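Below is one structure; the comments refer to it alone.
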Number of protein chains: 2
Amino acid sequence: METTPRIGELACFALYTASRAVIGLYRPVLDRLGLTYPQFLVLMALWEQDGRTVSALGDALQLDSGTLSPLLKRLEAAGFVERRREFGDERRVTVHLTEAGAALEREGCAVTEVVGTAAGMPLEELLALRDKLNEFTESVIRHRAAR
Amino acid sequence: METTPRIGELACFALYTASRAVIGLYRPVLDRLGLTYPQFLVLMALWEQDGRTVSALGDALQLDSGTLSPLLKRLEAAGFVERRREFGDERRVTVHLTEAGAALEREGCAVTEVVGTAAGMPLEELLALRDKLNEFTESVIRHRAAR
DNA sequence: CGCAATTAAGTTGCGCACAATCAAAATGCG
DNA sequence: CGCATTTTGATTGTGCGCAACTTAATTGCG
């Protein structure tokens, strides 16, 4: 690369703006449910499998306890989840959906559908884009670990 | 969609993790320069064209003054930029690179090169991914505005 | 001209992300 | 068993993002 690249040429900037754009697309819908985007992701992870530990949620969402602990506290205060210290291992905390949290699944499911029409491309292309991104992330994380 | 999609199936989640992964890839390099990722983007915008106004930077980076004002204050405190009230229009503030800020361009240019090898795909594919993402963002923002 | 409407940037408040640190519980090795 | 090490989650501190609001300057309409 001879000259400094322009911002618009950077893949990292394209990712950064694309990610914020979708989150902004979801925002008004999630607002009505009283959720932020990361909170919504946590609920999705629990709809898939309830009773996960904090670290299991962290693995699923690539977030650490510094982010999850206060987030879960807010989700609990909102009445969507409940945290329980495990009996066997007192260090572990499992997170469980309340009735209200479980009830959000139906509406929550619909949240993600808006991206299909907003993406401006056929579903097939969107799925291909998603797969390419996951492949990319996988590789980047491997390169990060290797140091 | 009959059932709730799994997190790994969501394009939005793929974007979210991919974006954070690249930023994390850049972090150790940017740390050495004393920059955060958004600060680095602002400098890139200024290397491309110095003396932009705050709102022009906001247009380029899709950020508002609530984000940029404190960020620019920190960049100024670090000695990389200088802010000047415009003479013609006292509302406007132009942002100018200092010598130190301009001097970062050479090293800053190199920062973005690491993604090429970490991406785990040929440059051509990475550029195609970038273009697809920009197309996607464009469409999502249009759908956001239309309401 | 006079004043309402608009525009530009800054401020406030909240919720992430993430590094660094901490406390408590569990594990494992001599 | 005893104690160092590891694991798990929580806490602290900094810097975004973004909505809502404020302030000050400019514009434009009657």
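Quick note on labels: first sequence line is chain A, next is B, and so on, each numbered from 1. What you see below is based on every heavy atom in this structure, not just the backbone, and it leaves out hydrogens, waters and symmetry mates. The structure presented is a predicted model; accordingly, all values stated were derived computationally and were not measured.
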Where the side chain of E90(B) is defined as all heavy atoms beyond and including C-beta, which of dA25(D), dC16(D), dC18(C) is the nearest nucleotide? dA25(D)
Side-chain heavy-atom pair L46(B), L57(B) within 4.5 angstrom cut-off: yes
For L71(B), report the nucleic acid contact type (base, sugar-phosphate, nothing); a contact means any heavy atom under 4.0 Å. sugar-phosphate
When K73(B) and A21(B) are each assigned the nearest nucleotide of DNA chain C, the 5'-most assignment goes to K73(B)
Determine, stepwise, if the pair L68(B) / V42(B) fulfils side-chain contact (heavy atoms from CB on, under 4.5 Å). CA-CA 9 Å; L68(B) 285 175; V42(B) 166; 4.0 Å; yes
Within this structure, what is the CG-to-P distance between L57(A) and dC16(C), rounded to whole angstrom? 14 Å
With the side chain of L63(B) defined as its heavy atoms from C-beta on, choose the nearest nucleotide among dG10(C), dG17(D), dA19(C). dG17(D)
With sugar-phosphate meaning primed atoms plus P, OP1 and OP2, does S69(B) contact a base, only sugar-phosphate, or nothing at under 4.0 Å between heavy atoms? base
Contact class for S55(A) (heavy atom, under 4.0 Å): base, sugar-phosphate, or nothing? sugar-phosphate
dG15(D) phosphate, OP1 or OP2, under 4.0 Å from Q39(B) side-chain N/O: no
Nearest-neighbour nucleotide for the D64(B) side chain, dG10(C), dC18(D), dC18(C) considered: dC18(D)
If you check the R85(A) side chain, which of dA9(C), dG9(D), dC16(C) turns out closest? dG9(D)
Spacing between R92(B) atom CZ and dT6(C) atom P, to the nearest angstrom: 19 Å
Round to a whole Å and report the spacing from CG of L75(A) to P of dC14(C). 18 Å
Phosphate oxygens OP1/OP2 of dT7(D): is one of them under 4.0 Å from a side-chain N or O of R91(A)? no
At less than 4.0 Å, is any side-chain N or O atom of Y16(B) found next to OP1 or OP2 of dA17(C)? Yes or no. yes
Selected nucleotide, minimal atom distance to V54(A) side chain, candidates dA17(C), dC18(D), dA10(D): dA10(D)
Which listed nucleotide (dA10(D), dC18(D), dC18(C)) is nearest to the side chain of R20(A)? dC18(D)
Would you say R85(A)'s side chain and E90(A)'s backbone share a donor-acceptor pair under 3.5 angstrom? yes
Give one of base, sugar-phosphate or nothing for S65(A), where a contact means two heavy atoms less than 4.0 Å apart. base
Quick one: does S19(A)'s side chain have a donor or acceptor within less than 3.5 Å of a partner on Y16(A)'s backbone? no
Between dG10(C), dA19(D), dC18(C), spot the one nearest the side chain of R83(B), thanks. dG10(C)
From CA spacing to verdict: side-chain contact (heavy atoms from CB on, under 4.5 Å), F40(A), L33(A): CA-CA 9 Å; F40(A) 171 69; L33(A) 303 181; 5.7 Å; no
Taking CG from D89(B) and P from dT27(D), how many angstroms apart are they, rounded to a whole number? 6 Å
For R27(B) and dG15(D), what is the distance between atoms CZ and P respectively, to the nearest whole Å? 13 Å
Value in whole Å for how far the C1' atom of dA9(C) lies from CZ of R84(B): 17 Å
Taking the side chain from R130(A) and the backbone from E9(B), do they hold a donor-acceptor pair closer than 3.5 Å? yes
Taken to the nearest whole Å, CD1/I23(B) to P/dG15(D) is 16 Å
By nearest nucleotide on DNA chain D, pick out whichever of T36(B) and D31(A) is the more 5' one. T36(B)
Figure out the CZ/P separation between R52(A) and dG9(D), and round it to whole Å. 13 Å
For G58(B), report the nucleic acid contact type (base, sugar-phosphate, nothing); a contact means any heavy atom under 4.0 Å. nothing
